[in-house]
Amino acid sequence: MKPPSGRRDLTAGPIGKTLLLFALPTLGSSVLQSLNGSINAIWIGQFLGERALAATTNANIIMFLLVAATFGFGMAATILIGQAMGRRDVDAMRRVLGSALGLFAVISTATVGVGWLAAPAILRALATPAEVFPLALAYLRVIFVAMPPGFISVLLTMALRGVGDSITPLKFMALGSVLDVVLNPVFILGLGPIPALGIEGSAIATLIANTGSLLALVTYLYAKDLVIRLRGAEWRYLLPTAELLKTIVVKGFPMGLQMLVVSTSALAMMGLVNRHGTSTTAAYGAANQLWTYIQMPAMAVGAAVSAMAAQNIGAGQWDRVDRITRAGLRMNLLLTGVLVLAVTLLDRHVLWLFLGNEEGAIGIAAKINLIGGWSFMLFGVSMVLAATVRANGAVVGPLVILAIAMFPVRFGLANLLEPSLGADAIWWSFPAGSLASMLMTIGYYRHGGWRRGRMASAAGKEECEEQALAEGQPTNKAMPVG
């Protein structure tokens with residue numbers, strides 16, 4: 001029987017084809033998300049100028065830091081969901097989702113209050129240029145308010161991918177992206193009855209888009225009775241058991257720390273970049289727009305590998321896990337390599353979209369991309385291998401590897417060479433960090449003993465099975481078959 005509503009059975013069938021067909025909608029979601037950010041950066045750069053673009057560059061790094069703080073819990077929940085689906089245990093999956101939703105609701109609420117108050121101090125810690133500071137603060141505070149619906153949407157889309165559905169997230173990512181792109185110029189320039197709000201208008205557009213997309217997604221989940229919805233007695237899963245919450249936090253915390261390592265490294269690098277002036281900051285922001293596209297295949301393939309590996313581990317099909325990883329590595333190198341070549345050839349033709357006629361900033365951005373862009377092929381290898389080991393709950397090894405690559409290698413090299421190479425030391429530190437990460441991750445994948453780990457206890461599984469028999473609310477859709 002065919003799995004309903006875009007879900008795929010990730011534990012059966014040809015691995016390469018299944019991985020590709022699952023990864024492509026995830027890649028499409030990443031493309032839409034990146035186009036959304038890029039087009040909004042174009043609106044800001046063209047309508048409001050270089051200072052406004054530099055302001056959003058600083059603010060967006062802070063946003064990434066906050067997303068990182070919750071990302072690990074979402075990843076832990078997604079892996080548990082994938083393993084439960086591999087066992088065909090629907091109730092266990094819904095327990096995990098309910099627990100994660102309850103946790104995210106608390107975190108989101110705290111983020112708004114703390115973020116609004118701490119925004120000035122954070123921007124000062126980043127050494128944000130004085131002429132950029134007021135714009136960055138105005139943008140950042142509204143974005144904090146937009147984060148709770150964004151957090152919940154991300155969790156739901158991760159859960160959908162965990163159960164094998166990468167089509168539904170694509171649909172609602174498209175909706176949110178279209179709303180954001182269309183509303184940005186309306187609120188920035190003040191079209192029709194809307195007053196001109198400048199950079200704050202861009203953040204308000206994001207708030208409306210996040211909220212509208214989330215409401216539409218929740219409506220769709222219940223209208224189609226998708227497997228991740230909660231009904232009846234299942235609503236009490238929003239209050240997690242101590243054991244399940246412990247699993248999500250203990251496994252999620254190191255994964256969140258991985259994102260925090262990346263975020264704090266980016267913040268530290270931003271501090272170095274800001275010391276070289278507004279033009280360099282704006283150029284770095286524009287180069288990051290290109291890098292967003294270059295890294296998309298690695299992110300999409302990594303997400304697909306993680307979902308497939310988790311379901312196959314849950315199903316006890318270890319013979320497929322290494323084959324999934326190898327297929328993911330080949331796919332990543334091919335897709336990322338093509339993008340690196342295209343962006344290297346066309347970089348100047350697109351950088352002006354973000355930087356206008358600022359020839360000096362365009363030249364800096366082109367150089368940044370030439371030095372650092374190719375390193376994302378190495379980054380992709382690390383992403384795929386780490387995705388597989390995390391699917392079995394091995395989270396500390398990838399965290400240690402990432403911390404070494406980001407700080408002693410990348411940040412340390414940038415600091416060491418900056419007196420002699422200037423800003424170029426920052427750009428060369430990117431391939432150095434990626435190479436170190438790749439070599440260490442290969443060693444851990446081959447010799448790290450991660451296959452001996454496990455994500456959830458057998459007792460927890462038995463409890464979920466008993467609960468499913470007692471009070472589960474099974475979907476009226478057919479489950480995937482192995």
Inset, instruction - State, to 0.1 Å, how close S99 and I248 come at their nearest heavy-atom pair, and which atoms those are. - result: CB-CD1, 3.9 Å
Inset, instruction - Using a strict cut-off of less than 4.0 Å between a Lys/Arg side-chain nitrogen and an Asp/Glu carboxylate oxygen, indicate whether D165 and K171 qualify as a salt bridge. - result: no
Inset, instruction - Please report the C-alpha distance between S265 and R410 in whole Å, then the side-chain angles of each, then the deciding distance to 0.1 Å, and finally whether the side chain to side chain contact (heavy atoms under 4.5 Å, CB included) criterion is met. - result: CA-CA 8 Å; S265 173; R410 177 181 290 179; 4.1 Å; yes
Inset, instruction - Verify whether the ring centers belonging to Y220 and F172 lie closer than 6.0 Å. - result: yes
Inset, instruction - Output all residues satisfying salt bridge (charged side-chain N to carboxylate O under 4.0 Å, His left out) with K367, sequence neighbours left out; order by chain, then residue number. - result: D424
Legend entry - Minimum heavy-atom distance between S429 and M269, given as atom pair plus value: OG-CE, 3.2 Å
Inset, instruction - Search all heavy atoms of L19 against all heavy atoms of V305 and return the closest pair with its distance. - result: CD1-N, 3.8 Å
Inset, instruction - Starting from the C-alpha separation in whole Å, work towards a yes-or-no answer on salt bridge (Lys or Arg N to Asp or Glu O under 4.0 Å) for D322 and R326. - result: CA-CA 6 Å; D322 282 330; R326 289 194 296 270; 5.1 Å; no
Inset, instruction - Could you go through the side chain to side chain contact (heavy atoms under 4.5 Å, CB included) check for I81 and R161 one step at a time? - result: CA-CA 9 Å; I81 286 169; R161 292 189 184 111; over 6 Å; no
Legend entry - Residues which pass ring-ring contact (aromatic ring centres under 6.0 Å, His included) with W427, listed by chain and number, not counting sequence neighbours: Y284
Inset, instruction - Kindly give the heavy-atom pair with the smallest separation between T18 and M308, and that separation in Å. - result: CG2-CE, 4.0 Å
Inset, instruction - Let me see the working for N274 and T281 under side chain to side chain donor-acceptor pair (under 3.5 Å), right down to the final yes or no. - result: CA-CA 6 Å; N274 281 336; T281 300; 2.9 Å; yes
Legend entry - Atom of A159, atom of L97 and distance for their closest heavy-atom approach: CB-CD1, 3.8 Å
Inset, instruction - Count the heavy atoms of every other residue, nucleotide or ligand shown that sit under 6.0 Å from CZ of F253, and state whether that count exceeds 12. - result: no
Inset, instruction - Flag the pair R95 and D91 as a salt bridge only when some basic side-chain nitrogen lies within less than 4.0 angstrom of an acidic carboxylate oxygen. - result: yes
Legend entry - Side-chain heavy atoms of T168 within contact of L217, under 4.5 Å: yes
Inset, instruction - Under the side-chain contact (heavy atoms from CB on, under 4.5 Å) rule, collect the residues that match up with A342, sequence neighbours excluded. - result: none
Inset, instruction - Can you establish whether the number of heavy atoms outside Q33 located under 6.0 Å from its atom CD is more than 12? - result: no
Legend entry - Gap between atom CG of L238 and atom CG of L230 - 0.5 Å precision: 6.0 Å
Pair up each side-chain donor or acceptor in residues 371-381 with any protein partner under 3.5 Å, not counting sequence neighbours, and list the distances.
unit_1, atom_1, unit_2, atom_2, d
W374, NE1, I371, O, 3.0
S375, OG, G372, O, 2.7

Legend entry - Taking every non-hydrogen atom, the tightest pair across L21 and S166: O-OG, 4.3 Å
Kindly list each side-chain donor-acceptor pair under 3.5 angstrom involving residues 291-299, sequence neighbours excluded, with atom names and distances?
unit_1, atom_1, unit_2, atom_2, d
W291, NE1, N369, OD1, 3.1
T292, OG1, N288, O, 2.8
Y293, OH, S34, O, 3.1
Y293, OH, L35, N, 3.2
Y293, OH, S38, OG, 2.9

Legend entry - Pairing residues for T157 by the side-chain hydrogen bond (donor to acceptor under 3.5 Å, both in side chains) criterion, not counting sequence neighbours: none
Inset, instruction - Verify whether one side chain among Q258 and R390 offers a donor that lies under 3.5 Å from an acceptor in the other. - result: yes
